[in-house]
Amino acid sequence: MHSYKEKIDAYIDSKKEEMLEDLKMLVRIDSQKGQAEDGKPFGAGPAAAVAAAQELMQRYGLDVKNYENYVVTGDLAATAVDAASDNKISEGTGCSSQGEKGLDILAHLDVVPVTEDWTVTQPFEPKVVDGRIYGRGTSDDKGPAVAALYALRAIRELGIPMKKGIRLVLGSDEECGSSDLKYYYGIEKEAPYTFTPDAEFPVINIEKGRLAASFHAKFSDERSRVLLLKSGDKANVVPGRAVLELEGLDEETVRLAAKETTKETGVAFEISCLTETGTADGAYIEKDGIDKTEKTSGNVLRIDARGVSAHASTPQEGKNALTASLRLVSKLFEGASCEDGGNAGIKALLALEKLFPYEDTCGRAAGVYREDANSGAVTLCFSVLDYTPEHLNGTFDARLPIGCTEENTRRPLMEALRAAGLEMEDTPMSKPHCVPGDSQFVKILLESYECYSGIKGEPLSTGGGTYVHGLERGVAFGCGTPDVDNHMHGDDEFMMIDTLVMSAKIFADAAIRICNDL
């Protein structure tokens, strides 16, 4: 069953240093989504990562095609096989000469935003320390993409016969909506089987549905003691930072409320005074010269909240600086005088604190909590807020188990926000995704994992949405392991080097079996 195991083991082990150097090269590219340019739909960074990956795939003998910098693909052709001897006769061209394509492997080269709080290295300066490689994208998803590339490289250079071809698809917009794949699948057909190494082993055959929706309100030039509350920039990330500006409040009162909020949430607050610049228009500027804003009247305090980022599918693993800041606002203004409490903007902030309280990451307060035996419970993350006395724009990210519908989830959230004076955009809800856990495809993946890890595997469910969510026979397969927190989407992201090497071997083994047995 695993007749090529020794060859694959020896080959991948011999290429470990090359694999790490290729990964370092990709990590050095800042591939956060940027401003679209001609021929660069997601900005210069993602396009540079696509170009670098294209060069690697060409170097290792794959048949490469660039789809307008949305994705780049590398094909490992099917090979003609003598059925009697199982020996390779000749190599096909592309994935269609000797037979159809059997497998797509989908990975992505774009990354989530970074902070200045990395401690081991800087985000785009990869560094190997104690068996780990650190850097943005090492685990999500450049490391897994390199592992998949080396799996195909091993199959090709070892001359292993393949009845069907394999295509490696590397995209550049997974973190911001997967419009790259929408473009790609508008041109190409889904393979008979697909996996993405963008989650965890053993194999994830169920992905929760998702509702990432924005809401807004405008206020009629109302005076407000809350001048600013800004936090988050991506729906799928628990915000680790927030900035709050308050006017006309006693500093000691704010400090005491902040201390109480830190005790309840674990989120730290740093308070500074904004001082007058002496300009004729009465502007003020922070002591360190960072922010210049129009001053209204009274003293202005800036409160910087520092929490812990996490993936929005596991909000309980982070410390949400946004919802902690709302908790602080509620302590300062709940039951305030009519002058403050009657302000529409503050009313909206207080209502949001009740809908998305810090401790509630499963939608109980919003009235949408439910749980399924196979796919788990609802998670709800309030991830983006931009508030001023004139407007409010916010975004939440809900991950939804089997049983969640438009009627019992999206509509109640829309109604709850409307009751708070906020209008939610009419965003469609993506349904949960499931590939049967007893299918032959899933069984093969589990067997390959068990062969190399020595651990019995069972199909899992996740709240994270991956590239395969809309594919009929698509699952998530690696590269993370349940026992290691690799800080995906957080500071000091890393990949265990042994796991990276093992993953390449697992992918090669699984691909050989899928393309020869299914």
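Sequential numbering from 1 along the given sequence is applied to the chain's residues.
Salt-bridge annotation for Asp426 and Arg410: present, with a side-chain N of the basic residue lying under 4.0 Å from a carboxylate O of the acidic one. Salt-bridge annotation for Asp110 and Lys33: absent, with no side-chain N of the basic residue lying under 4.0 Å from a carboxylate O of the acidic one. In this structure, Lys218 does not pair ionically with Glu390, as no charged nitrogen and carboxylate oxygen lie closer than 4.0 Å. Here Glu415 does not pair with Arg411 in a salt bridge; the nearest charged N to carboxylate O distance is not below 4.0 Å.
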*asked:* Applying side-chain hydrogen bond (donor to acceptor under 3.5 Å, both in side chains) to Glu425 and Ser214, what does each step give before you reach the verdict?
replied: CA-CA 6 Å; Glu425 294 179 4; Ser214 297; 4.5 Å; no
*In sequence, state the C-alpha distance, the side-chain angles, and the governing distance for Asp491 and Thr115, and then conclude on side-chain hydrogen bond (donor to acceptor under 3.5 Å, both in side chains).*
CA-CA 7 Å; Asp491 301 333; Thr115 73; 2.6 Å; yes
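A perpendicular orientation is assigned to the rings of His487 and Phe494, their planes being inclined by more than 60° (bins at 30° and 60°). Taking the six-membered ring where tryptophan is involved, the planes of His108 and Tyr467 are perpendicular, since the angle between them exceeds 60° and thus also 30°. Note on ring orientation: taking the six-membered ring where Trp is involved, the planes of Phe356 and Phe215 are parallel (angle under 30°, cut-offs 30° and 60°).
Between Val50 and Ser172, the closest heavy-atom pair is CG2-CB, 3.9 Å. Closest approach of Asn486 to Gly480, counting heavy atoms only: ND2-CA, 4.4 Å. Shown here for Ser31 and Lys142, the closest heavy-atom pair between the two residues is OG-NZ, 2.9 Å.
Atom CD of Glu407 has more than 12 heavy atoms from other residues, nucleotides or ligands within 6.0 Å. No more than 12 heavy atoms of other residues, nucleotides or ligands sit less than 6.0 Å from atom CG of Asp130. Counting heavy-atom neighbours within 6.0 Å of Glu190 CD, excluding the residue itself, gives a total above 12.
A donor atom on one side chain and an acceptor atom on the other are not found under 3.5 Å apart for Tyr134 and Glu125. A donor-acceptor pair shorter than 3.5 Å can be found between the side chains of Thr466 and Glu207. No side-chain N or O of Asn236 forms a donor-acceptor pair with one of His311 less than 3.5 Å apart. Using modelled atom types, one finds a donor on one side chain and an acceptor on the other under 3.5 Å when comparing Tyr387 with Ser224.
Counting only heavy atoms from C-beta outward, the side chains of Glu188 and Tyr67 approach each other to under 4.5 Å.
Relative to the six-membered ring of Tyr369, Arg364 meets both conditions, a distance below 6.0 Å and an angle of at most 45° to the axis.
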